[in-house]
There are 2 protein chains.
Amino acid sequence: MEHWDDLKTALHLLRGGTLAAAAQSLGVNYTTVARRIARLEQAVGETLFERLADGYQPTEAARLVGEYVARMEDAQLSLDRRLKGRDQRLSGSLVITAPQLLIVTHLAEVIEAFCAAHPEVDLQVRATNDLLDLNRREADLAIRISETPGDALMGVRLTEQASASFANADWAERIRTRPADRIDWAVYTGLGAVPKASLKAYPNAAVKVQFDDMVALVGAAQRGLGVVRMPMFLGRATPGLVQVPVLEPQPYPSIWVVGHKDVWPSAKVTAFRNILVPFFRGRRAEFVA
Amino acid sequence: MEHWDDLKTALHLLRGGTLAAAAQSLGVNYTTVARRIARLEQAVGETLFERLADGYQPTEAARLVGEYVARMEDAQLSLDRRLKGRDQRLSGSLVITAPQLLIVTHLAEVIEAFCAAHPEVDLQVRATNDLLDLNRREADLAIRISETPGDALMGVRLTEQASASFANADWAERIRTRPADRIDWAVYTGLGAVPKASLKAYPNAAVKVQFDDMVALVGAAQRGLGVVRMPMFLGRATPGLVQVPVLEPQPYPSIWVVGHKDVWPSAKVTAFRNILVPFFRGRRAEFVA
DNA sequence: CTCCATCCATGCACATTTGCATGCCTAGAG
DNA sequence: CTCTAGGCATGCAAATGTGCATGGATGGAG
């Protein structure tokens with residue numbers, strides 16, 4: 001058990017299932033993975049993987065290895081976070097993540113202010129709706145729209161939010177003048193139905209199309225495909241959209257900034273929060289009804 | 001934090017204090033240690049050790065590293081033991097440890113029987129009174145003379161024991177014929193005094209010499225330097241020594257076979273116990289009064 | 001059935017890592 | 001004060017580890 005790197009390699013192979021997958025996640029060539037595994041098996045004196053045509057099939061011993069090496073990895077990730085957390089420099093790398101649309105409408109301004117205030121910091125923004133793993137330091141700080149801070153251990157609520165219905169000017173006019181006409185909805189896949197709260201006042205409504213992406217949904221609304229439910233800030237900030245009375249303003253998950261408790265005290269993370277939080281305090285009106 | 005081996009190197013350097021010490025415990029050249037530490041500091045972006053004339057002095061960050069890498073090592077050692085424990089082969093390496101004198105008098109026979117029964121096993125015996133660390137698998141199985149099984153988690157008492165006073169034939173004769181004469185004791189360093197229990201019957205006694213090694217003490221007794229307190233089995237098995245009535249038989253720590261619970265079920269360890277335990281059951285009389 | 005996309009094994013050349021030899025520095029003994 | 005032992009840095013050559021290219025095997029799509 002000389003080579004801890006070989007153990008790490010075995011863990012990645014267990015997760016990836018194939019040499020190529022493990023190699024990619026490790027950033028090495030797959031032949032290297034094969035050789036490290038061979039060396040590890042030599043050291044352990046036991047076969048860890050059956051070489052099959054469709055990948056390396058782990059033996060029971062390999063699963064045992066995986067169990068304990070995962071603990072090693074946990075310790076390593078904790079160390080990584082702790083070192084990040086005690087970093088008092090305002091230079092070097094900082095990784096944040098946020099939903100694309102929030103960046104477009106508001107965060108770009110925050111990011112710009114942060115970059116101006118701390119030009120030495122090498123800021124990287126990961127714009128995605130995916131929940132990146134803050135334990136693995138896929139990001140140091142996350143801005144999320146959700147009921148709870150999520151998997152991270154520290155969080156500050158930036159603002160509560162409401163949602164409402166928006167559409168383009170044509171639709172707004174039509175709804176105002178002929179409220180009994182059929183109303184087309186464009187909705188997010190998964191919801192798949194017209195919001196119930198709107199049916200009492202506007203029962204003549206149906207889903208016309210579903211999208212699995214919020215950016216696309218916004219585009220659809222601009223184009224006039226129908227009425228879309230979205231958070232207030234997004235509807236208000238999108239050119240060509242106006243609020244329509246089809247769906248009264250409703251509660252919507254809050255916006256949080258969350259981070260791992262180990263990383264939270266870091267100078268760069270603190271500095272970012274110190275710009276982010278006041279920004280949202282000052283613009284609260286854009287998010288609520 | 002790419003290279004886990006560098007983290008391991010830092011741990012050894014923290015423990016050893018110097019490049020040379022760390023290098024030796026890792027089995028590499030000390031220049032390698034220096035270079036791995038340099039690479040690790042690069043990766044962490046922080047100085048971990050101050051280079052001083054008398055060694056590498058850890059910074060606070062290095063101690064943080066040490067704390068978490070020790071956890072990684074714990075996991076690795078656990079894995080090592082678990083893999084050893086599930087090994088059902090009766091071949092390969094088996095490491096046992098026992099006190100030298102017990103090997104000389106009794107265990108040699110057990111070891112011989114084991115080697116005969118399992119010739120494929122590569123048995124290594126570490127003859128020492130030091131308590132090897134079974135957590136670190138410095139040995140798979142330990143035979144120990146102590147009140148408790150010690151740091152290991154599984155143990156079987158092989159036999160209880162008594163101790164008594166022994167001396168060579170000259171002394172035995174002298175004590176028998178002139179019991180009031182002064183009695184010389186040779187004792188183990190640390191005890192440093194004549195056993196109290198002997199003073200009532202033989203008050204005219206004094207320590208003549210102290211030894212820090214039991215083998216040497218036995219030799220001294222054979223040579224006639226005086227009376228020595230030792231476990232029954234040792235006095236009885238040592239040529240030239242006879243029991244003398246100066247010290248009545250007294251309780252003495254039992255003999256245990258102990259091992260880590262993870263390693264205990266291993267085929268080789270079990271096989272060794274299966275020879276060891278019956279052997280002691282059958283020879284109990286040699287250990288008690 | 002054939003083609004193609006994956007996946008794995010292996011030989012060879014290159015890159016990186018390691019060990020060794022040398023030299024410098026410091027602290028402590030004589 | 002000198003001398004020595006222990007500790008560290010560095011250049012160079014050998015050993016080891018890695019990537020690339022090629023070839024073989026398998027399973028699913030057309």
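Being a predicted model, the structure only gives us computed values, none of them experimental. Residue numbering restarts at 1 for every chain, and letters A, B, ... go by the order of the sequence lines.
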Outer limits of DNA chain D sitting under 4.0 Å from a non-hydrogen atom of chain A, read 5' to 3', are D:dG17 to D:dT26

Tightest non-hydrogen contact, residues A:Gln210 and A:Thr189, listed as OE1-CA, 3.7 Å

Where do B:Leu19 and B:Leu13 come nearest, in terms of heavy atoms and distance?
N-CD1, 3.9 Å

Tell me every residue that passes side-chain hydrogen bond (donor to acceptor under 3.5 Å, both in side chains) with A:Asp5, counting only those two or more places apart in sequence or in another chain.
none

Please identify each residue that fulfils ring pair (Phe, Tyr, Trp, His ring centres under 6.0 Å) with A:Phe114, with sequence neighbours left out.
A:His118, A:Phe272

Return each pair, listed once, that meets salt bridge (charged side-chain N to carboxylate O under 4.0 Å, His left out) where at least one residue sits in residues 16-35 of chain A; pairs must be two or more places apart or across chains.
none

Applying salt bridge (charged side-chain N to carboxylate O under 4.0 Å, His left out) as the test, list every pair that has at least one member in residues 83-98 of chain B; sequence neighbours left out.
A:Glu46-B:Arg86, B:Lys84-B:Asp140, B:Asp87-B:Arg89, B:Asp87-B:Lys268

All N/O contacts under 3.5 Å from nucleotides 25-30 of chain C to the protein, with atom names and distances to one decimal?
none

Okay, side chain of [X], backbone of [Y]: is any donor-acceptor separation there less than 3.5 Å?
X       : Y       : answer
B:Arg36 : B:Lys8  : no
A:Thr59 : A:Leu48 : yes
A:Glu50 : A:Gln57 : no

Please output the side-chain donor-acceptor pairs of residues 92-100 of chain A that fall under 3.5 Å, not counting sequence neighbours, one pair per line with the distance.
unit_1   : atom_1 : unit_2   : atom_2 : d
A:Thr97  : OG1    : A:Arg126 : O      : 2.8
A:Gln100 : OE1    : A:Asn129 : ND2    : 3.3

To the nearest 0.5 Å, what is the distance between [atom1] on [X] and [atom2] on [Y]?
X        : Y        : atom1 : atom2 : value
A:His260 : A:Asn135 : NE2   : CG    : 4.5 Å
A:Leu141 : A:Leu132 : CG    : CG    : 12.0 Å
A:Thr270 : A:Trp264 : OG1   : CH2   : 8.5 Å

Could you run down the sub-3.5 Å N/O contacts of the protein with nucleotides 20-23 of chain C?
unit_1 : atom_1 : unit_2  : atom_2 : d
C:dC20 : OP2    : B:Asn29 : ND2    : 3.4

Strictly below 4.0 Å, heavy-atom distances to any atom of DNA chain D: list the hits from residues 54-66 of chain B, or just say none.
B:Gly55, B:Tyr56

Any chance CD of B:Gln88 has more than 12 other-residue heavy atoms, nucleotides or ligands included, within less than 6.0 Å?
yes

Decide if atom CD of B:Gln24 counts as having more than 12 heavy atoms of other residues, nucleotides or ligands within a radius under 6.0 Å.
no

Please give me every residue in residues 42-51 of chain A whose heavy atoms get under 4.0 Å of an atom in DNA chain C, ordered by residue number.
A:Arg51

Sorted by number, residues from residues 4-27 of chain B placing a heavy atom under 4.0 Å from DNA chain C are none

Give every residue pair that meets the side-chain hydrogen bond (donor to acceptor under 3.5 Å, both in side chains) criterion with at least one member in residues 13-23 of chain B, sequence neighbours excluded.
B:Arg15-B:Glu73

Can you tell whether the side chains of B:Arg71 and B:Glu67 come within less than 4.0 Å, N to carboxylate O?
yes

Rounded to the nearest Å, what distance is computed from the CD1 atom of residue B:Ile37 to the C1' atom of nucleotide C:dT18?
15 Å

